[in-house]
Amino acid sequence: MALNWPGLLSIGVFYLIVLATGVWASRKSKREERKCTGNLSEVAMVGGRNLNIWVSIFTTTATWVGGGFILGNAEVVYDPNRGLAWAIGPIGFSLSLVVGALFFVKPVREKKYVTIMDPFQEKYGNTLTAILFIPSVLADVFWIACVLAALGGTVSVIMDIPSPLAVALSAAVAVLYTLLGGLYSVAYTDVIQLILMFVGLWFCVPFILMSQSSSDITVTAVNKLYQEPWLGRLELADTGRWLDDLLLVTLGGICYQAFYQRVLATATVAQAQITCYAASFFCFTLAIPSILIGAVAASTDWNQTSFGLPTPYEQGKAGMILPISLQYLCPSFVSLAGIGAIAAAVMSSIDSALLSSASLFARNIYKNIIRKRASEKEILLVVKVSIFLFGFMGAGLAMTTSSVYVFWILSGDVMYSVVCAQLICVLFMSGSVNGYGAFAGLVVGLLLRLLAGEPLLGVPGLIPLPWDRIQEDGRLLHLFPFRTCIMLVSVATILVVSHSATYLFLKGLLPKKWDKYGLGQKRMISVEDMVAKEPTDKIELNKRQLHPFSSCE
């Protein structure tokens, strides 16, 4: 297939629009820096905490509805082994935003945090925060790889250019406009990207539904024609696995720095909550086009099309079913609109992941640990260098696989299995936990997750789980909700070890030199505290506040 010059031109025009928006937003960022009375780095990270509510809704929606979301939904619906019943992304992401608004927005807003690592640093100090930083950044890098793999595969399919070239080009554009103006560039380009995504995808839907190569999707939804019905099937034995995936997306989603970057950028708690509720609705709505396209692909006899193709599933290209469908089941001018929509979806989420991971490193690692006296200009420079490095890492990883769904789930898996328990404890059980419990919970959670293995990546499990099943291809399938179990075990470990450590230090059963968090300090009642000047005076205790679970740097 020859190079698709109209397609290449359409992507070029789209990238120019995005860059122009990024340049304009960077100028707005400079104006805000001049008006800012606080730290200049906070303008880049949380937009000076005065982001317009409509812009906030758009950027939050665009962050969730990225390339992994759009292509992943179509891939699952088309996959004959899964189908619509397993498309948990729209439900999980929408619920994630609702749960975040109800429970997580207020605690982080009231204390004016800048990143989600701030409460960990405040509670546990620098060492443990640096350790917890690693899985958070890994999840962001997996996310970047997911969306870049989505665009690389899309452009490769439609325009017949090498996927690595498409990945490198997209990463370069995203890095460039994210560097220009921080959160302002990301937020305002998200507005443009979300509009293009919405218009482009819905524009394609009527044409693909009328394709002469496809059968009626209402028939193939429940009847086997070319493959299994695209509605999919959820058996009783699969319930645990389905709930595990749903909770992974729901609770794992609220652990990302990208979420808190949006809710912390609004002016008030109420605006942040409204942003989440509105974005939840749009997140679910924008999943419909990709689901319909996946259904049409499952209703197509690919061997009998005018192109005589083997099915994308047989080619190992199920992850690229959306662009393949646009290419072969739509008129050429329609597929160009689809290219723009997918490119918009990809760019809207990669910039968020870049900025969030760079913010975590610049503030919580560089500023608070490596160079505590770093100037604001130095921190901004570190943010920019970090954006470049994380973009490079994500692009390299994106070139290793064609499956979008794998990176999509893997990113959420890291946050759910490792970080979620820590976040719940530090935000809602702060008085009952300490650094010893947090470290023990991290070790236990990480160890159990590694021992469970990952069938999607072909990593064998070393511990047997209930209800395990061997698939037709020989791979092991976990039906037990092991990720949720690991998260709950981690929470229990954090609480039990925290209370045990406190008891042992208070009773003097452990050496005082091991007490890095001051757990052995008790409210001391000295003779001076209880001396009454006159016999009729009331005896008052010293008012000093000493908490056994106090944080320690």
Donor-acceptor pair, distance only, cut-off 3.5 Å: does the side chain of [X] make one with the backbone of [Y]?
| X | Y | answer |
| --- | --- | --- |
| Gln422 | Ala438 | yes |
| Tyr436 | Lys516 | yes |
| Arg449 | Ile486 | no |
| Asn434 | Gly437 | yes |

Heavy-atom closest contact ([X] atom, [Y] atom, distance):
| X | Y | value |
| --- | --- | --- |
| Cys283 | Phe93 | SG-CB, 3.6 Å |
| Ala139 | Met415 | CB-SD, 3.3 Å |
| Gln257 | Ser359 | NE2-CB, 4.4 Å |
| Ala452 | Phe482 | CB-CD1, 3.7 Å |
| Ser356 | Asp140 | OG-OD2, 3.1 Å |
| Ala101 | Cys276 | CB-CB, 3.5 Å |

Who pairs with Tyr503 by ring pair (Phe, Tyr, Trp, His ring centres under 6.0 Å), at least two apart in sequence or on another chain? none
So if I apply the side-chain contact (heavy atoms from CB on, under 4.5 Å) rule between Arg262 and each of Ile57, Thr59, Thr61, Leu97, which one comes out positive?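 Looking at Ile57, Thr59, Thr61, Leu97, the match for Arg262 under the side-chain contact (heavy atoms from CB on, under 4.5 Å) is Thr59.
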Could you point out which residue of Val108, Val426, Leu132 forms a side-chain contact (heavy atoms from CB on, under 4.5 Å) with Ile116? Val108
Tell me, do [X] and [Y] make a side-chain contact under 4.5 Å, heavy atoms counted?
| X | Y | value |
| --- | --- | --- |
| Phe259 | Val105 | yes |
| Val191 | Val55 | yes |
| Ser357 | Val141 | no |
| Asp245 | Val249 | no |
| Leu286 | Leu194 | yes |
| Ser96 | Trp64 | yes |
| Leu423 | Phe104 | yes |
| Ile424 | Met429 | yes |

Would you kindly say whether Asn364 and Thr129 are connected by a side-chain donor-acceptor distance under 3.5 Å?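 Note: Asn364 and Thr129 side chains miss the donor-acceptor criterion.
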Can you see whether Gln271 engages Ser56 through a side-chain donor-acceptor pair at a distance of less than 3.5 angstrom?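 Note: Gln271 and Ser56 side chains miss the donor-acceptor criterion.
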For a side chain to side chain contact (heavy atoms under 4.5 Å, CB included) check, start with the C-alpha distance between Val114 and Tyr260, then their side-chain angles and the critical distance, and finish with the verdict. CA-CA 8 Å; Val114 177; Tyr260 294 97; over 6 Å; no
Drop me the distance from [X]'s [atom1] to [Y]'s [atom2], to the nearest 0.5 angstrom.
| X | Y | atom1 | atom2 | value |
| --- | --- | --- | --- | --- |
| Asn126 | Gln121 | CG | CD | 5.0 Å |
| Leu248 | Thr484 | CG | OG1 | 7.5 Å |
| Ile144 | Leu397 | CD1 | CG | 10.0 Å |
| Ile53 | Ile274 | CD1 | CD1 | 4.5 Å |
| Met487 | Tyr416 | CE | OH | 4.0 Å |
| Gln273 | Thr268 | CD | OG1 | 8.5 Å |

Measure centre to centre between the rings of Phe120 and Tyr113, then say whether the value is under 6.0 Å.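 So the answer is no for these two rings.
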Go through it in stages, so that I can follow the logic: the residues are Ile365 and Leu360, the test is side chain to side chain contact (heavy atoms under 4.5 Å, CB included), and I'd like the CA-CA distance, side-chain angles, deciding distance and then a yes or no. CA-CA 7 Å; Ile365 303 300; Leu360 287 175; over 6 Å; no
Should the ring pair Phe390 and Phe361 be called parallel, tilted or perpendicular, given that the plane angle runs from 0 to 90° and is split at 30 and 60?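 Because their plane-to-plane angle is over 60°, the rings of Phe390 and Phe361 count as perpendicular.
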More than 12 heavy atoms from other groups under 6.0 Å of [atom1] on [X]:
| X | atom1 | result |
| --- | --- | --- |
| Phe282 | CZ | no |
| Phe428 | CZ | yes |
| Phe133 | CZ | yes |
| Phe392 | CZ | no |

Report the C-alpha distance between Thr266 and Arg109 in whole Å, list the side-chain angles of each, state the deciding distance to 0.1 Å, and finish with yes or no for side chain to side chain contact (heavy atoms under 4.5 Å, CB included). CA-CA 9 Å; Thr266 55; Arg109 288 278 322 183; 3.4 Å; yes
Please determine if Asp118 and Lys112 form a salt bridge, counting it only when a charged side-chain N lies under 4.0 Å from a carboxylate O.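 Answer for the salt bridge query: no.
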Under the side chain to side chain contact (heavy atoms under 4.5 Å, CB included) rule, what do Ile195 and Phe58 come out as? Steps first, then yes or no, please. CA-CA 9 Å; Ile195 293 172; Phe58 271 85; 4.1 Å; yes
